Number of protein chains: 2
Amino acid sequence: MPLDAREGLLRKTLTHSVAAGTVLFEQGELPTFQHVVLSGSAHLFGRSHEGREVLIEIVRPGDLVIPAAVVSQAPYLMQARVLEPSRFLLIEGDAFRAALAEEPALAQAMIDSLASQFRRMVGQIKNLKLRSAPQRVASYIVGLSRRQQAPVRVVLPYEKNLIASELGMTRESFSRTLSAMQRDGISVQGDVIVIVNRR
Amino acid sequence: MPLDAREGLLRKTLTHSVAAGTVLFEQGELPTFQHVVLSGSAHLFGRSHEGREVLIEIVRPGDLVIPAAVVSQAPYLMQARVLEPSRFLLIEGDAFRAALAEEPALAQAMIDSLASQFRRMVGQIKNLKLRSAPQRVASYIVGLSRRQQAPVRVVLPYEKNLIASELGMTRESFSRTLSAMQRDGISVQGDVIVIVNRR
DNA sequence: GTCATTCATTGATTCGTCTCAATTGTCGGA
DNA sequence: TCCGACAATTGAGACGAATCAATGAATGAC
């Protein structure tokens, strides 16, 4: 973005350091800020009427936190919770939307961000609809190994609890699946998984 | 958009009338056009390695067909199939991306489109992870009744086969669920459903 | 070091949904 | 009008995953 436009926008922002356990916003609230992850992460949970809760997405440094809600000015479909000490940039919603309309570079970045988040969601739907629990676990491990650039030794980045929830199953099922997979392909020790047979 | 920009872009487009059964593009292909639904609809299917296939989304007149793939220049994650006679506007990919960068109005429209598609996907994930099959069927019917502005009599818009697939279950389960729900809330006659007890 | 708390594992059982199979219903074509 | 093709229903059974319950391991507070 041009420097003056950027500075104008930055005047409408503040940075926020939050402790583990903080809730950035609740499902159902109207967005007032566009949150941007500077460091750490935010976990996005969906909640049902009955109160069940499921992890849907994790956003990391550089990501916008649900830009879709901010540009739509519609209620959040997820709750954002911070599970590790993190810093966020908060951009005032109106100013952000105005800047989007004025600044092509910003609009372009937003398009890219929305597109990649959309694709992640589609991938997750395909996972849920087309794969069994063990298949989801396997592809999750393979995906981890790619992201960690570790062909053999991968480390689970969160509690198994959360990972299970992200994969759409219970922690018990996740645990059982891991131990079943020890018979033909991996070995598990706490949060460390060694891939023996990648196929 | 300004008239001359629009006309410039329209020179890079063609309209396409397709018969039922046509495949617009395959999962895995690289986008060459941005398809826009003019009339009719397109059904987007995800396919697994084993060849199983599931309906993920239906796009209708005015919608872009997976703009995320076009702006990312990344392979389609879904196949687009046309199940009823329909017309599409095909915009040449490069020209479309160029126009996005040049024309703020177009960029803004793209942002809105991507945001709403993102939210639909999130809603679907919550459906899959948090609700049982009967709950999904019930909320689908209620959603239909809202969209058709018919508080009582709703008509299933597609074959039960497809609806089941969209809801992430088999046609058998869908059928069973409907008949179970006849005991406390609806009556079913072919593709017509009468809502007796909305709650 | 001990204790309480949380997280993870394991077992037994129940429940939901899929699969396979047979039957019925519906529509369009010969 | 009969027939074939396809969609939808129904039943029986198997399977997967959730639930409930108990135990074991790790973590942090004091």
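Predicted model only: the values in this text are computed from it and were never measured. Sequence lines set the chain letters: A, B, ... in the order given, protein chains first and strands last, and positions in each chain run from 1.
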Practice prompt. For K129(A) and L55(B), run side chain to side chain contact (heavy atoms under 4.5 Å, CB included): C-alpha distance rounded to whole Å, both residues' side-chain angles, the deciding distance at 0.1 Å, then the answer.
Written response: CA-CA 9 Å; K129(A) 282 189 175 174; L55(B) 176 59; 5.8 Å; no
Practice prompt. Could you give me the CA-CA distance, side-chain angles and deciding distance for L64(A) and M110(A), then say whether side chain to side chain contact (heavy atoms under 4.5 Å, CB included) is met?
Written response: CA-CA 9 Å; L64(A) 306 185; M110(A) 173 59 97; 4.0 Å; yes
Worksheet item: Could you go step by step and tell me if R176(A) and E172(A) meet the side chain to side chain contact (heavy atoms under 4.5 Å, CB included) rule?
Response: CA-CA 6 Å; R176(A) 272 186 254 273; E172(A) 293 97 325; 3.7 Å; yes
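Of the residues in residues 41-50 of chain A, none has a non-hydrogen atom less than 4.0 angstrom from any atom of DNA chain D. Sorted by residue number, the members of residues 125-143 of chain B with any non-hydrogen atom under 4.0 Å from DNA chain C read S132(B), A133(B), P134(B).
Applying the side-chain hydrogen bond (donor to acceptor under 3.5 Å, both in side chains) test to every pair with at least one member in residues 92-106 of chain B, sequence neighbours left out, gives these pairs: Q73(B)-R97(B), D94(B)-R97(B). Pairs engaging residues 148-162 of chain A under the salt bridge (charged side-chain N to carboxylate O under 4.0 Å, His left out) rule: none recorded [sequence neighbours left out].
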Please list each protein N or O that sits under 3.5 Å from an N or O in nucleotides 27-30 of chain D, with the distance.
none

Expected rows: protein N/O vs nucleotides 7-11 of chain D N/O, under 3.5 Å:
residue, atom, partner, partner atom, Å
dA8(D), OP1, K160(B), N, 3.1
dA8(D), OP2, N161(B), N, 3.3
dT9(D), OP1, K160(B), NZ, 2.7
dT9(D), OP2, S175(B), OG, 3.3
dT9(D), O5', S175(B), OG, 3.3
dG11(D), N7, R176(B), NH1, 2.8
dG11(D), O6, R176(B), NH2, 3.2

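L90(B) meets the side chain to side chain contact (heavy atoms under 4.5 Å, CB included) test with L14(B), H16(B), F33(B), H35(B), F88(B); sequence neighbours excluded. The side chain to side chain contact (heavy atoms under 4.5 Å, CB included) check on T32(A) picks up nothing, with sequence neighbours excluded. Every residue meeting the side chain to side chain contact (heavy atoms under 4.5 Å, CB included) condition with R198(B), not counting sequence neighbours, appears here in chain and number order: V142(B), S145(B), I195(B). Scanning for side chain to side chain contact (heavy atoms under 4.5 Å, CB included) contacts around E84(B) gives S41(B), S86(B), with sequence neighbours left out.
R147(A) places none of its side-chain heavy atoms less than 4.5 Å from the side chain of P157(A). Within the 4.5 Å cutoff, the side chain of F118(A) has no heavy atoms near those of the L114(A) side chain.
Heavy-atom neighbours of R60(A) CZ from other residues, nucleotides or ligands within 6.0 Å: above the threshold of 12.
A 4.0 Å heavy-atom criterion places the boundary nucleotides of DNA chain C facing chain A at dC7(C) to dA12(C), written 5' to 3'.
Clustering of Ile, Leu, Val, Met, Phe, Trp and Tyr side chains at separations under 4.5 Å leaves L3(A) isolated, with no partner residue.
Tracing side-chain contacts under 4.5 Å through hydrophobic residues (I, L, V, M, F, W, Y), one never reaches V54(A) starting from V82(A); they form parts of separate clusters.
No side-chain N or O of Q27(B) forms a donor-acceptor pair with one of Q79(B) less than 3.5 Å apart.
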